Amino acid sequence: MSGETYVGAIDQGTTGTRFMVFDHDGKVVANAYEKHEQIYPEPGWVEHDANEIWENTKEVIGEALESANLEAEQLEAIGITNQRETTVVWDRETGQPIHNAIVWQDRRTTDRIETLEEEGKKDDVQQKTGLEPDAYFSATKAEWLLDNSDPIKLQRARPADVRERAEEGELAFGTIDTWLIYKLTGNHITDVTNASRTMLFNIHDMDWDDELLEEFNVPREMVPEVRPSSDDDYYGTTDASGFMGAEIPVAGALGDQQAALFGQTCFDAGDAKNTYGTGSFMLMNTGEEAVMSEHGLLTTVGFQRSGEPVQYALEGSIFITGAAIEWLEDMTLIEDAAESEKLARSVDSTDGVYFVPAFAGLGAPHWDQRARGTIVGMTRGTRREHIVRATLESIAFQTRDVAEAMVEDSDIDLSSLRVDGGAVKNNFLCQLQSNILDTEIVRPEVDETTALGAAYAAGLAVGYWETLDELRANWQVDREFNPSNPQNVEHRYGRWKEAVERSLDWARDSEE
């Protein structure tokens with residue numbers, strides 16, 4: 001066994017779980033990944049099995065360490081990053097979830113949000129949380145779980161009312177980071193970034209909001225303790241008698257998009273990144289000021305280090321981008337994601353086809369829960385190459401929608417955008433994005449910046465890295481893309497906006 005030490009990161013995403021090990025230079029030394037099942041009980045509903053996620057987490061940690069011939073004792077700390085908003089409620093006594101986790105994409109509580117808006121409560125929620133009220137966030141998911149979980153499934157000899165048990169503190173609520181911290185350490189903790197995505201947390205007071213807890217019928221007794229994203233006091237340690245066989249500090253946690261912001265070293269006000277994953281999420285650091293959006297963006301907590309002020313961010317949440325490429329695979333229009341670049345390049349344009357991938361409604365800056373996927377402009381001459389190219393263009397156009405809103409809100413010109421996520425391996429998409437934004441696109445050497453950000457947060461907490469400047473020095477450019485041959489972008493962007501209009505307010509209760 002080498003005497004070298006490292007930092008590990010659990011990256012628990014929407015489609016799978018990854019464990020990565022990083023050295024002091026921010027280089028990957030071990031990596032393992034496992035998918036989990038996507039559960040669709042009804043149209044618009046999406047669930048995950050939290051126990052499956054935990055089992056996969058243990059598996060990928062073991063696989064990664066074994067693949068690199070590392071011992072758990074060589075890890076100085078573990079950080080966690082996670083799919084945000086996805087909600088779990090579990091029994092503290094048994095450690096078992098009372099229901100499948102409800103995923104961030106799930107739309108079952110759309111009616112509840114519309115009721116909230118009809119009652120005139122939207123602005124109050126937005127002012128406290130920085131969030132546009134939406135079924136996307138955790139509050140209505142937790143409320144639904146408490147109202148609809150079957151007490152028989154709680155495996156109690158004498159099933160009590162679920163809400164009664166929640167009020168007595170017998171049930172625990174959390175996002176996926178909280179679930180994993182609990183399983184790793186036994187402690188019920190979340191970090192400030194994940195708390196800020198629940199729609200139950202006041203981002204100005206930095207505490208759970210009693211009025212919001214009451215509005216969504218979530219007892220304070222079941223919410224986790226909120227700690228910094230990089231915590232010098234640690235969230236806890238793994239059990240030496242557990243599956244890792246060692247006591248490792250669990251010392252950092254960030255929601256996936258904030259983790260990517262941290263991993264891209266966007267530590268200063270005005271720094272911005274866009275992550276292209278299942279959805280796309282563009283964040284701009286706004287420093288110690290919580291800039292409230294007037295253009296459909298979210299105000300969120302960017303990160304916090306122990307003993308330091310909270311750093312805020314503006315965020316544009318796009319629900320479906322990489323998932324649109326997966327849809328092309330599902331529809332057998334492409335064999336794999338890599339083929340999308342080849343097919344898109346094989347035609348000069350989309351031939352007038354526009355695709356709005358609003359499978360789960362539209363997020364920023366439109367916020368239409370009833371928008372649905374729409375393809376317009378097809379003729380008998382339309383081929384799959386045109387639809388594939390239109391899908392990639394939809395990713396770039398949605399990003400421009402968000403970027404324009406971000407510039408308006410922040411009054412900061414976007415001269416450069418750091419990008420990461422699986423889709424940025426597609427050079428055609430990166431060049432397209434540069435053309436449509438008229439902005440430099442910068443892709444780093446390590447594109448798994450979400451896991452890297454979690455590792456950085458944990459490593460800083462235990463002194464593996466001492467300063468932010470060390471992390472900045474680790475960041476290296478793989479490739480830059482500059483605007484070139486934009487092909488009548490403004491006209492195409494105008495037509496894109498028309499296509500979006502046609503997708504809005506499509507779903508009706510009577511049809512779903």
Side-chain angles (χ1 to χ4, degrees), residues 1-2 4-38 48-83 86 101 176-177 179-185 237-240 242-256 259-260 262-263 275-278 322 326 336-338 420-425 444-459 464 474:
M1 182 181 81
S2 164
E4 293 290 327
T5 61
Y6 307 92
V7 175
I10 299 167
D11 182 355
Q12 203 301 295
T14 306
T15 55
T17 306
R18 187 180 301 279
F19 186 70
M20 303 186 80
V21 179
F22 295 90
D23 65 14
H24 199 271
D25 293 330
K27 304 296 186 186
V28 179
V29 298
N31 183 2
Y33 178 77
E34 189 73 39
K35 281 190 172 183
H36 58 258
E37 183 184 3
Q38 305 297 309
H48 291 158
D49 180 343
N51 279 328
E52 181 189 11
I53 286 173
W54 169 237
E55 292 302 319
N56 286 355
T57 300
K58 292 190 289 184
E59 185 173 331
V60 295
I61 290 174
E63 285 179 7
L65 293 176
E66 184 178 353
S67 70
N69 196 28
L70 299 177
E71 299 291 339
E73 288 88 348
Q74 290 177 262
L75 298 179
E76 291 202 19
I78 293 174
I80 296 173
T81 181
N82 55 288
Q83 50 169 318
T86 297
I176 294 291
D177 62 303
W179 168 246
L180 293 179
I181 290 168
Y182 177 82
K183 299 300 279 188
L184 287 165
T185 71
T237 60
T238 59
D239 188 346
F243 77 100
M244 293 187 71
E247 285 190 11
I248 312 297
V250 181
L254 294 140
D256 53 9
F262 207 73
T275 297
Y276 300 77
T278 301
E326 291 176 3
D336 54 47
D420 55 74
V424 303
K425 294 179 177 69
E445 284 187 358
V446 177
D447 61 5
E448 293 289 354
T449 53
T450 304
L452 182 60
Y456 280 165
Y464 186 75
N474 285 346

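These figures come from a predicted structure and were not determined experimentally.
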Requested in this report: Take Glu448 and Asn31 through the side-chain contact (heavy atoms from CB on, under 4.5 Å) test and state the conclusion after the steps.
Outcome: CA-CA 10 Å; Glu448 293 289 354; Asn31 183 2; 5.5 Å; no
Note, [X] side chain near [Y] side chain (heavy atom, < 4.5 Å):
X     : Y      : result
Lys27 : Glu445 : yes
Ile80 : Leu184 : yes
Gln12 : Ile53  : yes
Thr15 : Glu326 : yes

Report task. Taking Tyr464 for its side chain and His24 for its backbone only, find out whether a donor-acceptor pair lies under 3.5 Å. Result ->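 Yes, the answer is positive, given that a donor and an acceptor are paired below the 3.5 Å cut-off.
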Query raised in the report: Taking the side chain from Thr81 and the backbone from Asp11, do they hold a donor-acceptor pair closer than 3.5 Å?
Result: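 A pair under 3.5 Å: no.
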Query raised in the report: Is the distance between the ring centroids of Trp54 and Tyr182 under 6.0 Å?
Result: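 Ring centres of Tyr182 and Trp54 not closer than 6.0 Å.
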Nearest non-hydrogen partners of [X] and [Y], listed with the distance:
X      : Y     : result
Leu452 : Gly26 : CD1-O, 3.9 Å
Phe19  : Leu75 : CZ-CD1, 4.0 Å
Ala451 : Ala9  : O-CB, 3.2 Å

Report task. Only one of Thr449, Asp420, Thr450, Asp256 passes side-chain hydrogen bond (donor to acceptor under 3.5 Å, both in side chains) with Thr275; say which it is. Result ->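 Answer after filtering Thr449, Asp420, Thr450, Asp256: Asp420.
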Query raised in the report: How far apart are the C-alpha atoms of Gln74 and Glu71, what are their side-chain angles, what is the distance that settles it, and do they pass the side-chain contact (heavy atoms from CB on, under 4.5 Å) test?
Result: CA-CA 6 Å; Gln74 290 177 262; Glu71 299 291 339; 4.0 Å; yes
**Report entry** Partner set under ring pair (Phe, Tyr, Trp, His ring centres under 6.0 Å) for Tyr33, not counting sequence neighbours
**Finding:**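 Per chain and number, Tyr33 pairs via ring pair (Phe, Tyr, Trp, His ring centres under 6.0 Å) with no residue.
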Query raised in the report: Does the side chain of Gln38 come under 3.5 Å of the side chain of His48 through a donor N or O and an acceptor N or O?
Result: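 There is such a pair (donor and acceptor under 3.5 Å, judged by atom type) between the side chains of Gln38 and His48.
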Report task. List the steps and the verdict of side-chain contact (heavy atoms from CB on, under 4.5 Å) for Asn474 and Tyr456. Result -> CA-CA 11 Å; Asn474 285 346; Tyr456 280 165; 3.3 Å; yes
